[in-house]
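Atoms within a ligand are numbered from 1 in the order they appear, just like the ligands themselves.
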Amino acid sequence: MKEKLQSIKEEALKAIESADVPEKLNDVRVRFLGKKGELTAVLKGMKDVAPEDRPKVGQLVNETRAAIEEVMEDTRRKMERAIREEKMKQEVIDVTLPSKKNMVGHRHPNTIALEEVEQIFVGMGYEVVEGPEVEYDLYNFEKLNIPADHPAKDEQDTFYINKDIVLRTQTSPVQARVMEQGKLPIRMIAPGRVFRSDEVDATHSPSFHQVEGLVIDKNISFADLKGTLEVFAKELFGPETKTKFRPHHFPFTEPSAEVDVSCFKCGGKGCRFCKGSGWIEILGCGAVHPHVLEMCGIDPKEYSGFAFGMGLERIALLKYEIDDMRLLYENDIRFLKQF
Ligand SMILES: [Zn+2]
C-alpha cells in the first residue's frame, strides 16, 4: 500500500511538473485527487485493509494528498505570476514614443483680424453686438434712410427671400435694432456676415464680412469720430499711421467721409502696395443722419452720434498682404496656416 501511494505521488508530481498552463494543472487534480481519481480509488479500497491498519493507511493517504496539493498550489501561483508579468510587459506604456498629433486646424485670417479689431474697440469701452443675417427690408434699408426708390438699394444687389425679407446687405440693421431698444448712450460694434449678389472675383464675393461701429450720446461730434478712428488706425496698423478723411456720401450719415490710412508698407512715400498714392482706403463713416435717429426713436435734438463701417476681408487682405480675396474662402489649410 505504501509503495502504491508513493508511486501515485511521484506520478502526480511528474504530471504537475510537465503542466505548462493552469488548465493542465486542473487535469492533474482530476486525475489524481478527483472523485474518480487514483488517490480516491485507494481510499475506496480501504475495505480490503485490515481494520487495525486502516487509521495508518488513512493517514498515509492524507499525507500523500496534502503533499500533492501543496506542490500543485505552489506551481499554480508561479504560473499565474508568470502570466501576469507577461501581460504587464505587453501592456507597458512607452512614454518616450512620439504622440499622435491631432490636426486642430488654424484660425482663419478673418477671425484673427476680427479679434484684433474687436480688442481695439472693446479697449475703448465698446460692446460687441450681433444680429440676424436674414433681416427685414425695414431694418436693412428703410430705418437706415434708404427708402424703396433710393439708388443705394440697387447698388447693393440684394438677395431677397420675399419682398419684405432679405439676406442683410450690411451689418447696419444691428445698429437700428440697438437704437430702437432706446438704451442710451450707445457704444457698440457689430461684426458679421453680409450678402450681396456679386460675382466672385479677386475683390468681390456674394458673402463677406463687415464690422460696423456706432456711438450715440449727448454732444457727440465729428471730432469724436475723427479721434476714435485715428486711435483705431494707429492700433491696427502701427503708431506712425496717419489718417485722412475724404468727403463722401452715405444715406445714413451726414456729413459722411471715407477714411484712408497712410500706407504701412512704404510709410506714405508711394509703393506698389498703395498703387503709388501713399494712402490706402479702409472704411466709410459719418455723423449719424438725424432722420435715422428719428426713425429709431431717438431725439436728434438731444442726441447725436457717429457710425463707421469696414469690410473685414479688406482689413485681413491688407494686414496679411493677401492679394486675392478668393484665397480666404477656399479653406486650404496650407494657405491658412501662414497667418
Ligand atoms: Zn505704399
Side-chain angles (χ1 to χ4, degrees), residues 106-124 126 155-156 170-171 189 191 193-194 196 198-205 207-213 222-250 253 255-287 306-332 334-339:
H106 189 277
R107 284 192 308 163
H108 194 280
N110 268 355
T111 310
I112 304 172
L114 176 59
E115 282 177 1
E116 204 171 328
V117 170
E118 281 181 349
Q119 219 163 28
I120 295 169
F121 283 106
V122 168
M124 290 194 271
Y126 285 60
E155 281 165 27
Q156 303 184 357
Q170 46 194 356
T171 44
I189 56 168
R193 185 189 294 252
V194 300
R196 293 183 196 181
D198 275 328
E199 294 289 331
V200 177
D201 65 24
T203 52
H204 292 88
S205 160
S207 161
F208 56 102
H209 299 78
Q210 285 188 334
V211 186
E212 299 207 356
F222 206 86
D224 296 309
L225 170 61
K226 289 183 80 170
T228 302
L229 292 181
E230 201 181 307
V231 170
F232 167 66
K234 281 181 166 37
E235 291 271 338
L236 191 63
F237 295 112
E240 307 301 319
T241 310
K242 296 190 193 77
T243 45
K244 182 168 80 173
F245 287 69
R246 283 181 288 107
H248 197 76
H249 172 263
F250 298 111
T253 47
S256 305
E258 282 196 318
V259 178
D260 298 344
V261 294
S262 55
C263 176
F264 46 86
K265 265 296 226 193
C266 64
K269 286 195 277 298
C271 68
R272 205 173 57 87
F273 201 67
C274 55
K275 297 188 184 85
S277 71
W279 296 95
I280 295 169
E281 183 195 324
I282 58 159
L283 55 80
C285 64
F306 63 77
F308 54 87
M310 67 197 96
L312 184 60
E313 278 80 356
R314 179 152 178 79
I315 301 292
L317 296 182
L318 285 173
K319 267 202 82 92
Y320 308 117
E321 298 180 28
I322 303 164
D323 52 13
D324 192 328
M325 190 157 111
R326 285 168 290 195
L327 289 165
L328 292 176
Y329 303 122
E330 284 169 355
N331 279 342
D332 187 332
R334 290 166 302 180
F335 167 75
L336 296 175
K337 264 161 115 174
Q338 299 171 49
F339 306 99

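- At least one side-chain heavy atom of F208 sits under 4.5 Å from a side-chain heavy atom of V194.
- Note on ring orientation: taking the six-membered ring where Trp is involved, the planes of F237 and F264 are parallel (angle under 30°, cut-offs 30° and 60°).
- Counting non-hydrogen atoms of other residues, nucleotides and ligands closer than 6.0 Å to NZ of K265 gives a total of 12 or fewer.
- Among residues two or more places apart in sequence or in another chain, the ring pair (Phe, Tyr, Trp, His ring centres under 6.0 Å) test is passed with Y320 by F339.
- Applying the 6.0 Å contact sphere to NZ of K242 captures no more than 12 heavy atoms from other residues, nucleotides or ligands.
- The set of protein atoms (N, O or S) found at less than 2.8 Å from the Zn ion (ligand 1) reads C263 SG, C266 SG, C271 SG, C274 SG, by chain and number.
- Note: F308 and F121 have parallel aromatic rings, judged against thresholds of 30 and 60 degrees for the angle between ring planes.
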